[in-house]
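Residue indices begin at 1 and follow the sequence shown. Computed from a predicted structure; not experimentally measured.
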Amino acid sequence: METGMVFRDYNGRISSMDFHKTSSYLVTASDDESIRLYDVAGAACLKAINSKKYGVDLVCFTSDPTTVLYSSKNGWDESLRLLSLNDNKYLRYFKGHHDRVVSLSLCSRKECFISGSLDRTVLLWDQRAEKCQGLLRVQGRPAAAYDDQGIVFAIAFGGYIRMFDSRKYEKGPFDIFSVGGDVSDANVVKFSNDGRLMLLTTMDGHIHVLDSFRGTLLSTYNVKPVSINSTLEASFSPEGKFVVSGSGDGRVHAWSVRSGKEVASWVTYETEPHVIKWAPGSLMFATGSSELSFWIPDLSKLAAYVGRK
């Protein structure tokens with residue numbers, strides 16, 4: 001892989017990004033208090049919207065590619081906001097957290113989402129209602145995510161991943177998976193597209209890959225730890241065979257899930273971890289730091305590889 005397109009017009013670090021599942025759009029959030037919409041197929045920025053009053057930290061698409069959900073970054077209002085990118089209008093506010101939101105995941109099959117905060121709560125929401133639909137208390141910084149079907153969600157903290165049935169979450173977790181004694185703060189938890197695998201990144205620079213049905217720890221990849229104000233992010237490739245991740249030293253790494261071995265590593269000019277997302281159904285991933293980069297196959301190396309085969 002190599003960088004095929006780079007956008008360098010940011011005035012702060014990119015804190016979050018998300019690909020829409022069925023369109024060619026990408027949205028980013030940045031410390032310069034901007035939300036930007038990109039057409040990946042055309043490699044163009046379509047729109048930039050400023051959130052000067054509230055700031056912006058985490059951002060993700062709803063099922064509508066012109067509507068996003070985002071968290072604040074101003075230190076005094078921790079509400080989540082549903083924003084129309086068409087006319088830059090707020091459609092709804094979601095108030096309930098009392099400290100910074102550090103995890104945000106939408107259910108792709110329903111109009112619900114889940115958020116985790118440093119106030120040690122995980123809240124369950126319906127996009128159509130301003131009040132939260134459920135509350136779960138945790139004992140640490142939480143990372144939360146829905147699986148692709150929206151049937152199950154995971155909450156990670158304190159060295160364990162707790163699995164919940166979204167239809168009866170109030171009964172508590174139906175299973176609890178250990179990640180091998182790594183009790184450092186959870187950063188990101190994600191499911192693979194087919195739901196068979198899940199990954200968890202932690203502040204100490206560990207990326208754990210597990211069987212999401214049995215809870216078996218399949219591999220642990222190690223990178224340089226991240227600072228307390230940074231997030232270590234990783235992403236499955238669309239078919240679940242590879243994991244790409246950032247690192248505390250700014251490098252980008254790729255591993256084979258089957259072998260557990262590192263298959264590629266790229267040096268960048270950054271000294272902090274990238275946010276990183278693989279495009280759905282595409283041989284491309286994006287990294288965000290002080291600039292946004294689209295990574296595509298290096299055709300010269302691909303030709304040599306095919307020749308050897």
Side-chain angles (χ1 to χ4, degrees), residues 1-7 13-21 26-28 38 40 58-60 103 105 143 145 148 156 179 186-210 212 217-226 230-299 301-302 305:
M1 305 290 281
E2 64 178 355
T3 51
M5 189 69 171
V6 180
F7 297 87
R13 289 189 62 80
I14 296 170
S15 57
S16 177
M17 69 171 74
D18 189 35
F19 284 99
H20 191 261
K21 288 186 178 297
L26 169 74
V27 66
T28 66
Y38 293 86
V40 176
L58 303 179
V59 66
C60 52
S103 187
S105 176
D148 191 58
V179 290
N187 276 184
V188 172
V189 65
K190 293 181 182 178
F191 289 88
S192 60
N193 285 344
D194 62 9
R196 295 178 180 275
L197 300 172
M198 59 193 310
L199 65 78
L200 170 67
T201 71
T202 66
M203 190 167 289
D204 278 356
H206 305 306
I207 302 152
H208 305 288
V209 177
L210 300 92
S212 60
L217 183 61
L218 303 176
S219 298
T220 296
Y221 317 129
N222 300 302
V223 298
K224 187 174 179 180
V226 300
S230 299
T231 297
L232 176 62
E233 189 165 19
S235 181
F236 283 110
S237 59
E239 79 298 334
K241 291 183 179 180
F242 298 96
V243 170
V244 290
S245 84
S247 173
D249 59 6
R251 296 175 71 96
V252 176
H253 300 269
W255 289 271
S256 165
V257 171
R258 178 176 294 180
S259 69
K261 295 181 180 180
E262 185 175 83
V263 294
S265 177
W266 300 273
V267 177
T268 70
Y269 296 105
E270 300 294 328
T271 57
E272 294 185 56
H274 295 74
V275 293
I276 191 163
K277 288 284 194 313
W278 205 297
S282 175
L283 196 56
M284 189 202 93
F285 64 86
T287 57
S289 51
S290 59
E291 57 191 32
L292 174 66
S293 301
F294 293 166
W295 295 71
I296 59 175
D298 183 339
L299 296 181
K301 293 180 180 178
L302 188 62
Y305 174 79

> Going by atom types alone, do T287 and W295 pair a side-chain donor with an acceptor below 3.5 Å?
yes
> Quick check: do H20 and D18 have side-chain heavy atoms less than 4.5 Å from each other?
no
> Do the two ring centres, one from Y38 and one from F7, sit under 6.0 Å apart?
yes
> Using modelled atom types only, decide if a donor and an acceptor are shared between the side chain of T28 and the backbone of M17 within a distance under 3.5 Å.
no
> Using modelled atom types and a 3.5 Å cut-off, is there a donor and acceptor pairing between side-chain atoms of E233 and backbone atoms of I276?
yes
> Nearest 0.5 Å please: distance from the OG1 atom of T202 over to the CD1 atom of I207.
8.5 Å
> Is there side-chain contact between V179 and L210, with heavy atoms separated by less than 4.5 Å?
yes
> Looking at NE2 of H208 and CG of L199, how far apart are the two atoms once the value is rounded to the nearest 0.5 Å?
10.5 Å
> Can you pull the side chain to side chain donor-acceptor pair (under 3.5 Å) pairs that have at least one residue in residues 238-249, sequence neighbours excluded?
S237-E239, S247-D249
> Could you go through the side chain to side chain contact (heavy atoms under 4.5 Å, CB included) check for V243 and Y221 one step at a time?
CA-CA 10 Å; V243 170; Y221 317 129; 4.1 Å; yes
> Taking C-beta and beyond as the side chain, do L232 and V223 meet within less than 4.5 Å on heavy atoms?
yes
> Does any non-hydrogen side-chain atom of V189 lie less than 4.5 Å from one of M198?
yes
> Considering only heavy atoms from C-beta outward, does the side chain of T3 approach that of F294 to under 4.5 Å?
no
> Picking from H274, E272, E270, what satisfies side-chain hydrogen bond (donor to acceptor under 3.5 Å, both in side chains) with S290?
E270
> Once side-chain contact (heavy atoms from CB on, under 4.5 Å) is applied, do any residues pair with A254, and if so which ones, sequence neighbours excluded?
V244, V263, A264, W266
